[in-house]
Amino acid sequence: MALAALAAQHKRTLFVAGFDEQVNESVLRGAFIPFGELVDVMIPLDHQSGKHKGFGFVEYELEEDAKEALDNMSESELYGRVLKVNIAKPTQLTKTNKAVWESDHYITENAKLGENAEGAEGEPATEPSSASMIDDKEKARIAEYIENRMKE
């Protein structure tokens, strides 16, 4: 998904928390539909218990509708519980969207393994000297090669 589309979706999706265990996707949809056309309503379930965790996401077709719902539903009550409503934040990725082989660490580690898998006369591998490490130009060349191969 393009970055601009992701940013636009981000502003149309609300995080809704603090609801009662009686609330399901149908109830949540009913509570938020008065503010505009809904694209999706999702309540994640706990895998062990099969019950929801008291929060969910409501995605609107238009950003203005999401803002309207946020203004009206934040701190409102649903089944006797006060809702906390905010614009949903995108999940934090622990890794970048780069291929693993584009990282310096991956290339360096694999270069070490390839060069010194076995020492002279079957001796165990030793750490390579700094002279044998792959330089930035070589890393870029390898990454470009792999990227081109992936396109084929």
Reference residue V85; test side-chain contact (heavy atoms from CB on, under 4.5 Å); the match among V16, D71, V58: V16
Audit row: L78, D20, side chain to side chain contact (heavy atoms under 4.5 Å, CB included) steps and yes/no: CA-CA 8 Å; L78 184 63; D20 189 75; over 6 Å; no
Spacing of L83 atom CG and F15 atom CZ [to the nearest 0.5 Å]: 11.0 Å
Beyond-backbone contact of L38 with E59, side-chain heavy atoms, under 4.5 angstrom: no
L14/N86 under side chain to side chain contact (heavy atoms under 4.5 Å, CB included): CA gap, chis, key distance, verdict: CA-CA 6 Å; L14 300 177; N86 292 301; over 6 Å; no
Ring centres under 6.0 angstrom apart (F35, Y60): no
Where P44 and G56 come nearest, the two heavy atoms and their spacing: CD-CA, 4.1 Å
Over 12 foreign heavy atoms within 6.0 Å of CD, E25: yes
Ring centers of F19, F55 separated by less than 6.0 Å: no
Pairs involving residues 72-83, ordered by first then second residue, that meet side-chain hydrogen bond (donor to acceptor under 3.5 Å, both in side chains) (sequence neighbours left out): E68-N72
R12 vs L62, side chain to side chain contact (heavy atoms under 4.5 Å, CB included): CA-CA, chis, key distance, verdict: CA-CA 6 Å; R12 297 185 333 238; L62 301 173; 5.6 Å; no
Pairwise distance CG(D46) to NZ(K53) - rounded to 0.5 angstrom: 5.5 Å
Shortest non-hydrogen contact between H52 and I43, atoms and distance: CB-CG2, 3.2 Å
Heavy-atom pair with the smallest gap, counting every atom of N24 and V27: OD1-N, 2.8 Å
Residue pair T13, I87: steps toward the side chain to side chain contact (heavy atoms under 4.5 Å, CB included) verdict: CA-CA 6 Å; T13 304; I87 298 292; over 6 Å; no
